[in-house]
Amino acid sequence: MIKRIAVLTSGGDAPGMNACIRAVVLTAAAYNIDVIGFHHGYNGLLEEDYQTLLPQHVQHIIQHGGTILKSARCKALYTEQGAIQAAEVLHKLQLDALVIIGGDGSFRGALAIAQHYSGQLIGVPGTIDNDVDGTDFTIGFATAIDTALDAIDKIRDTADAFERIFLVELMGRHSGYIALSAGIAAGAEQIICPEFGPVTKAQLAKLLVPIQHAQLLRGKSSYIMVVAENSYPGGTTALAEELSAELGTECRACILGHIQRGGKPVGADRILATKLGAYAVEQLVNGAHLMMAGEINQQAVLYPLTQTGERKKQIDPYLVRWQQQIASD
Ligand code: F6P
């Protein structure tokens, strides 16, 4: 029987993590389970840096971005010694289970700990990147899209006024989910994602042709290219410089960066976070171990942690096809 669990947030923070912590704590309270929260991801676990989490500690946090538990990436966990130490702390603190709110990298940490820990481990997908298999959406993705969209709309205003070409770089690590979604919603003329294959310097023409085509058709006007990070070898600023040289027209780069990780979670993220946090605790009570609590077709589901990073999750092929069609028309 589960009596005491811990929760931590790990890796890149994502809007909605607080809502998830709240759901974990409130659901655990309903089952008379004690909860502690480790600070700074796995670092807090290794350093025994934690706090008790009672329902009153998670009051009115649902609307806040970031994470009250703080987050971090933990290099020590990549070593055997780190995983052993983490398991020792979990045993010492008499924890029956650990809930890990994070992305695929954080789940790799959980798998390492599992080699030495006799309790249960469950993951909840929290990352703006939406690059975790076994769930339609990750906590934070919906908010990140809206944040990016708001920024691109503003860039469009100035791009229109100056009839300029802008390259807007969005996050996503190695996934084009944010770029494709925000690019489509912003009406970007071109979208570049890692999934479309690498753009080498030799292939710059591939990007130039649609711009030149648009210039021919519309004359001088604003043109927005959304570029997922890690799409071009030298980065988006280098890409803008090279396109400028080829076109003979100035192309401006705007790197949106960490603004995409902050802000109040939108409703969809608060609801998803609440559902998955609650479901994770319920499934721990039912005996779940080495699983991720995800949602597919609005149904909460368990998915093996070992498979969350297998990259089966594809960006929407319909939108990809449509975007490529309109970019070349
Ligand atoms: O995984 C979330 C994310 O924001 C990615 O989109 C991005 O590549 C990375 O984290 C940035 O990490 P850091 O905050 O360490 O620069």
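Note that ligands are numbered from 1 as they come in the structure, with each ligand's atoms numbered from 1 the same way. Only a predicted model underlies this, so the values are computations on that prediction, with no experimental measurement involved. Residue numbers run from 1 in the order of the sequence given.
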remark   = Closest to atom 12 (O) of ligand 1 by heavy-atom distance, out of E229, Q260, H174, R73, is R73
inquiry  = I'd like to know if G103 contacts ligand 1, where contact means a heavy-atom distance under 4.0 Å to any ligand atom.
reply    = no
Student check: side-chain heavy atoms of L204 and Y232 closer than 4.5 Å = yes
Charged tip of K313 within 45° of Y177 ring normal and under 6.0 Å = yes
query = Considering only protein heavy atoms, which is closest to atom 9 (C) of ligand 1, and at what distance to one decimal place?
reply = R173 NH2, 3.6 Å
note = Per-atom filter on ligand 1: closer than 4.0 angstrom to a heavy atom of G172 are 6 (O)
inquiry  = Testing the 3.5 Å rule here: is there a donor-acceptor pair between the side chains of S244 and E241?
reply    = no
key: Side-chain donor-acceptor pair present, T308, D104, cut-off under 3.5 Å   = yes
note = Of all protein heavy atoms, the one nearest atom 4 (O) of ligand 1 is R261 NH1, 2.8 Å
query = To which protein heavy atom is atom 16 (O) of ligand 1 closest, and what is the distance rounded to 0.1 Å?
reply = H258 NE2, 3.2 Å
Heavy-atom nearest neighbour in the protein, as seen from atom 2 (C) of ligand 1, with distance rounded to 0.1 Å = D129 OD2, 3.3 Å
ask   = S118 and H91: side-chain hydrogen bond (donor to acceptor under 3.5 Å, both in side chains), yes or no, with the steps?
value = CA-CA 8 Å; S118 59; H91 287 139; 3.0 Å; yes
query = At what distance, to the nearest 0.5 angstrom, does CD of E195 lie from CD of Q314?
reply = 7.5 Å
